[in-house]
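To start, the structure itself, in structure tokens.
As the structure lists them, so they are numbered: ligands from 1, and atoms in each ligand from 1. None of these values were measured; they are calculated from a predicted model.
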Amino acid sequence: MRLVILGGPGAGKGTQTRQLCRTLSLSEVSTSDMLREAIASQTDLGRQAQPYVEKGELVPDPILIQFIRQRLSQPDIARCWLLEGYPRTAFQAEELDFLLEELGQHLNWAIYLQVSESVMMNRSLERSRTLQDNAINSRLDDQPEIIQRRIDLFHERLPLLLEYYGYHKRLLTINSEQPPEQVQQDILQKLTV
Ligand code: AMP
């Protein structure tokens, strides 16, 4: 099975991804993790992406698409995977389909974790506070104004992204304001129907 998971900051993408990957034995491919690792180790790609990530802006498509192409072409990626953090735009979604066609694969479902803007903001602030309380490096893009910018960007791109997957009949919308276990159950139930 091949899945992508869509949702704004604090929608629960990370939690649901980890759980789904365990339950369904999928390889997890997280663009944000890849970007953060690349920035921390100051690779070429990391240096190019850094100014965008720090401001909460989308990293330009050509960089991201190259990244995904490399990752999904690697042999260790089983044919079952879950992409988290990509696509964020309808353009990226289309590019993913082109790439999969080349690789002889196809996407089964796009799972959209739906939460209100206030839930996104509250959960993101809470995560940022927890990181600070535990003296774990707080991320530059976890500051309130940057979180707001990430939420705004998400809402700007969302309608076309949902339209893309809706049109191709591959969209599953899940209420992600429920407790994480319930969200997981809803996803699994819709995947097997
Ligand atoms: P996240 O933690 O998933 O909100 O991602 C953190 C940051 O990584 C975003 O604010 C963007 O700067 C960058 N990023 C992650 N995924 C993408 C993507 N698909 N396209 C462009 N930028 C991305």
Atom of [X], atom of [Y] and distance for their closest heavy-atom approach:
X: Arg88; Y: Arg157; result: O-CB, 3.2 Å
X: Leu82; Y: Cys21; result: CB-SG, 4.0 Å
X: Leu58; Y: Tyr52; result: O-CD2, 3.7 Å

Using distance alone, decide if ligand 1 has a nitrogen or oxygen within less than 3.5 Å of any nitrogen or oxygen in [X].
X: Tyr86; value: no
X: Val59; value: yes
X: Thr31; value: yes
X: Arg150; value: yes

key: Residue part near ligand 1, for Val53, under 4.0 Å between non-hydrogen atoms   =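 Looking at Val53 and ligand 1, atoms from backbone and side chain both fall under 4.0 Å.
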
key: Within reach of ligand 1, part of Arg149 (heavy-atom separation under 4.0 Å)   =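 No part of Arg149 comes within reach of ligand 1.
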
List the atom pairs, donor and acceptor, that lie under 3.5 Å between side-chain atoms in residues 173-183 and the rest of the protein, sequence neighbours left out.
residue: Asn175; atom: OD1; partner: Glu177; partner atom: N; Å: 2.9
residue: Ser176; atom: OG; partner: Ala11; partner atom: O; Å: 2.7
residue: Glu177; atom: OE2; partner: Ser116; partner atom: N; Å: 2.7
residue: Glu177; atom: OE2; partner: Ser116; partner atom: OG; Å: 3.2
residue: Gln178; atom: NE2; partner: Asn175; partner atom: O; Å: 2.8
residue: Gln178; atom: NE2; partner: Asp186; partner atom: OD2; Å: 2.9
residue: Gln182; atom: NE2; partner: Asp186; partner atom: OD1; Å: 3.0

message = Set out, in order, the CA-CA distance, both residues' side-chain angles and the distance that settles side chain to side chain contact (heavy atoms under 4.5 Å, CB included) for Leu107 and Trp81, then state yes or no.
response = CA-CA 10 Å; Leu107 183 74; Trp81 43 252; 4.0 Å; yes

Considering the heavy atoms of [X], write down every atom of ligand 1 situated less than 4.0 Å from one of them.
X: Gln92; value: 18 (C), 19 (N), 20 (N), 21 (C)
X: Leu64; value: 18 (C), 19 (N), 20 (N), 21 (C)
X: Leu35; value: 8 (O), 13 (C), 14 (N), 15 (C)
X: Ser32; value: 1 (P), 2 (O), 3 (O), 5 (O)

key: Presence of salt bridge, Glu95 and Arg69, under 4.0 angstrom   =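 No, this pair does not count.
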
Side chain to side chain contact (heavy atoms under 4.5 Å, CB included) evaluation trace for Ile39 with Glu37 = CA-CA 5 Å; Ile39 291 171; Glu37 278 161 26; over 6 Å; no

request  = Give the intermediate values and the outcome of side chain to side chain contact (heavy atoms under 4.5 Å, CB included) for residues Thr17 and Leu83.
outcome  = CA-CA 8 Å; Thr17 296; Leu83 260 180; over 6 Å; no

ask   = So, the side chain of Lys13 versus the backbone of Gly7: is there a donor-acceptor pair under 3.5 Å, distance only?
value =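 Checked: pair present.
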
task = Between Gln50, Glu54, Glu57, flag the one that comes closest to atom 12 (O) of ligand 1 by a heavy atom.
result =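 Nearest option to atom 12 (O) of ligand 1, by heavy atoms: Glu57.
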
inquiry  = As a check for students: among Gly85, Pro9, Gly56, identify the option with a heavy atom nearest to atom 19 (N) of ligand 1.
reply    =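 Selected option, by shortest heavy-atom distance: Gly85.
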
query = So, does Lys55 sit close enough to ligand 1 that a heavy atom of it is under 4.0 Å from the ligand?
reply =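 No; Lys55 lies far enough from ligand 1 that no heavy-atom distance drops under 4.0 Å.
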
